[in-house]
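Every heavy atom of this structure was used, including side-chain atoms; hydrogens, water molecules and symmetry mates were not. Since the model is a prediction, treat every value here as computed from it, not as a measurement.
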Amino acid sequence: MTQTKFDKQVEESAESVAFRIGRFLAGRPLNGERKTDATFWRSGTRVLPKVEGRVSRSAYRAGWQRLTFRISGLAATGTGGYWALWENQDSTFATVRDVWENPDPAIATAQSGGIGLASAATVGGAVYGLATRRRREFMREWVTPLHEALAVPLGMSELTDPRRYLHVPRNFSDDDAEIRIDVPTHMRFNEDLVADLIKKKLALENVSFTWRRAGRDTHVIVKKRQAPPKMLRLSDPGVREVLAKMPASAPLIGFGAGKKKVSVDLDHDSPHVLISAGTGGGKSTILRTICCQFIHNGAHAYVLDFKRISHTWARGVPGVTYCRDIAEIHDALIRLAQEGRHRIRLAEQLADDVLEREPWRVGPRLVILLEEVNATMGQLKRYWARIRESGDPKESPAVDALAEILFMGRQVRLHVLLVAQSATARAIGGPEMRENFSTRILVRYTLNAWRMLVPEVSPIPMPSQHNGRVQVVTRGRAQETQVLNLSNEEAREWAMSGVHAKNTTGPSLHQPPVPAAPPDDFTDAWNAHVQELPPAPATEPPTSNGDLAAENWDLTPSSATSADDTPGTTGEATSPAQPAPADDDQEMGLREAYDKHLSETVASLDALRWARANDPEFPAPVGKRGSAFLYRVGDLKRWARNRPRAGTTDLD
């Protein structure tokens, strides 16, 4: 008997329903299309070949998981329906009848309920978006690009969800992190190519690959083979010896993988160093470590600290000029630029081989620590706008002086260690000024900061949250480094144990190496004629400030130079060509000095006496009259000008 068209449709529908019931009970997709390699007992990891279109997350679940969800859903639906219809059938029918007869209250309730549900969904969606923002960014920046690179070499579909086979923790840059990548069981791929792609896309160095090839669970484990030390202190075995052997021009920054020494040679690699880090990234620790080594080897450090308290370890250290007020920073930059011009004129008279062999002939090394350049540059501009007179240039001469120092070559031995939270071109003074920093140290950086400062280094290594872990970038290569963490006491002790220990006053800006009257003002310093240099000595360069003085270097602090912060020293001594005012050389008791010179800058005589007993930077007495101590007026004025003032702000 021939089947009619209706009978065929009924038979096909019954067969389709039967197949759906079978797929339902077997935990398989209801449409019968298998898109992943998932089985009844095992979850899927990759999309099958020739599958097109979007693949839902449920397609990766094992069959027993889908079956459990389906049966649980049916049971919950049936139980709820039975309770609503049969256990409360009278009240249910009455409610339906009331709604049918008077629908307005039900409509109003539905409207208010819909608004409430929509509001709850909106708030929930916003909370979920904020909670998963970092995970989405991590997937977009790291996991998805790695999947796009590995899909073809592994023979996998690009539609595969990368989270199913790429198990990359968000802290994969940590020393003990472990990366697991599930690979196809057929193993028909080039392992060396896959390993190389993993290292390149995740910016990994010194990692090991452990392959599991047997059985169904085929995967590779990636771990760091050699990592920098977790902590590096001066008390660690061998660190003090390594620090003592570092060249004078190449201070130790820290240790890299395999305890490899990481340093920057300011005489050969880069005359200036840029440090970019956010708040709490350890900027002051890095500067403290580098600067104390320079001071130990005889350099003079100018700490331009607008925050006033970033480098308390340097206060009173011989060879350090600490500038706190914006006026002092302004004047110091101008003087340093003039010193650089003077050294350039000296270098012009030296033969290239002499300058290369004896760089100290242009003067002692000067290291300039410029803290928080983002705030300091703005304050310098505002300060100049406040003191600028008619006819003066609009641009701050201190900002121009900093640019001039940065453009000076390494031969003048002026080095800038600059710190910025965001080293934008506008903050530093222009993109051309930023290019003078061949060495850049980045810590807790953002991807935008990396692309702005070192775009030539790719891929971008994952920033580490490990304390003291930085990326030192030089010559187009980034090296992960654990910074040497010197405490304030250790840095102070190391700085004071070197060359300056023999000369507690510290050097000043360089003067010509032959006796000559220096110019009276900064304009004359620019136009002054450089006298002929004496023949180069055949001996080694001096190793201490005392030796430098013996070689006719004028290392006496001039009146234009900010005084040293050393308590008990006459840091305001002046050069013979520029004698200090008679008032500053007078010796007076506290009461007399307050009445004649300090009444406008110090609140009261009691405050002056309190500072004498409690302030470690209060100048030491220079003599005694009866039972009363005498103080040099110039020292008291300098202390009053530089002391921290309670109740003021940086803007004040």
Side-chain angles (χ1 to χ4, degrees), residues 34-39 42-55 57 59-62 135-228 256-258 447 450-451 456-464 471 476-480:
R34 187 164 173 257
K35 294 186 176 182
T36 68
D37 60 345
T39 63
R42 184 172 57 87
S43 299
T45 58
R46 58 190 177 90
V47 175
L48 297 177
K50 299 182 180 180
V51 173
E52 298 180 356
R54 181 178 176 273
V55 180
R57 293 186 182 181
Y60 292 94
R61 295 194 182 102
R135 179 175 62 83
R136 294 196 309 274
E137 291 178 352
F138 178 73
M139 290 290 297
R140 182 175 61 253
E141 294 291 342
W142 298 99
V143 181
T144 300
L146 178 61
H147 162 67
E148 294 173 350
L150 293 179
V152 175
L154 291 177
M156 303 176 67
S157 172
E158 295 183 358
L159 298 175
T160 301
D161 187 352
R163 290 171 294 184
R164 299 296 171 176
Y165 75 101
L166 297 178
H167 308 288
V168 183
R170 274 194 287 182
N171 61 339
F172 71 86
S173 63
D174 291 353
D175 298 342
D176 54 352
E178 182 178 290
I179 302 171
R180 171 180 168 135
I181 298 177
D182 298 328
V183 298
T185 56
H186 57 69
M187 300 294 292
R188 293 190 296 270
F189 54 84
N190 188 328
E191 293 182 1
D192 293 336
L193 175 61
V194 171
D196 187 59
L197 290 174
I198 293 172
K199 288 194 295 184
K200 288 182 177 179
K201 297 305 293 183
L202 297 182
L204 300 174
E205 292 184 357
N206 297 315
V207 292
S208 63
F209 291 84
T210 304
W211 294 88
R212 178 190 170 99
R213 302 176 179 86
R216 297 179 59 86
D217 186 18
T218 53
H219 62 267
V220 58
I221 300 295
V222 186
K223 297 180 65 175
K224 279 190 177 181
R225 182 170 47 208
Q226 291 181 329
L447 297 180
W450 186 278
R451 294 189 183 105
E456 70 277 9
V457 179
S458 181
I460 303 173
M462 181 72 174
S464 175
Q471 293 286 346
R477 181 175 178 269
Q479 188 167 4
E480 187 179 28

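The six-membered or imidazole ring of His147 lies near that of Tyr165, with a centre-to-centre distance under 6.0 Å.
A salt bridge between Lys224 and Glu480 is present, with a side-chain N of the basic residue lying under 4.0 Å from a carboxylate O of the acidic one. We find that Asp217 and Arg180 are joined by a salt bridge, their nearest charged nitrogen and carboxylate oxygen being less than 4.0 Å apart. Salt bridge status for Arg136 with Glu141: absent, with no side-chain N to carboxylate O gap under 4.0 Å.
The CD1 atom of Ile179 lies 11.5 Å from the NZ atom of Lys223; values are rounded to the nearest 0.5 Å. From Glu148, atom CD reaches atom CD of Glu158 across 7.5 Å, with rounding to the nearest 0.5 Å. Atoms CG and CG, on Asp176 and Asn171 in that order, are 7.5 Å from each other to the nearest 0.5 Å.
Thr218 places a side-chain N or O within donor-acceptor distance of the main-chain N or O of Val183, the cut-off being under 3.5 Å. Judged purely by atom type and a 3.5 angstrom limit, Trp450 has no side-chain atom pairing as donor or acceptor with the backbone of Pro461. A distance-only check finds no donor-acceptor pair linking the side chain of Asp161 to the backbone of Arg164 [under 3.5 Å].
Of all the heavy atoms in Ser464 and Asp174, the pair that sits closest is OG-OD1, 4.0 Å. Nearest heavy-atom pair, Lys201 versus Ala149, reported as atom, atom and distance to 0.1 Å: CG-CB, 3.9 Å. The two residues Ala151 and Ser157 come nearest to each other via the heavy atoms CB-O, 4.5 Å.
In this pair, Phe189 and His186 present their aromatic rings perpendicular. The plane angle is above 60°, beyond the 30 to 60° band. Using the six-membered ring where Trp is involved, Phe172 and Trp142 have ring planes that are perpendicular, over 60° apart on the 30 and 60° scheme.
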Exercise. May I have the step-by-step check of salt bridge (charged side-chain N to carboxylate O under 4.0 Å, His left out) for Glu191 and Arg213, ending in yes or no?
Key: CA-CA 11 Å; Glu191 293 182 1; Arg213 302 176 179 86; 2.8 Å; yes
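When each of Ile221, Val194, Val220 is paired with Ile181, the side chain to side chain contact (heavy atoms under 4.5 Å, CB included) condition holds for Val220 and for no other. For the pairing with Leu166, the side chain to side chain contact (heavy atoms under 4.5 Å, CB included) check across Thr160, Thr144, Asp182, Leu150 returns one residue only, Leu150.
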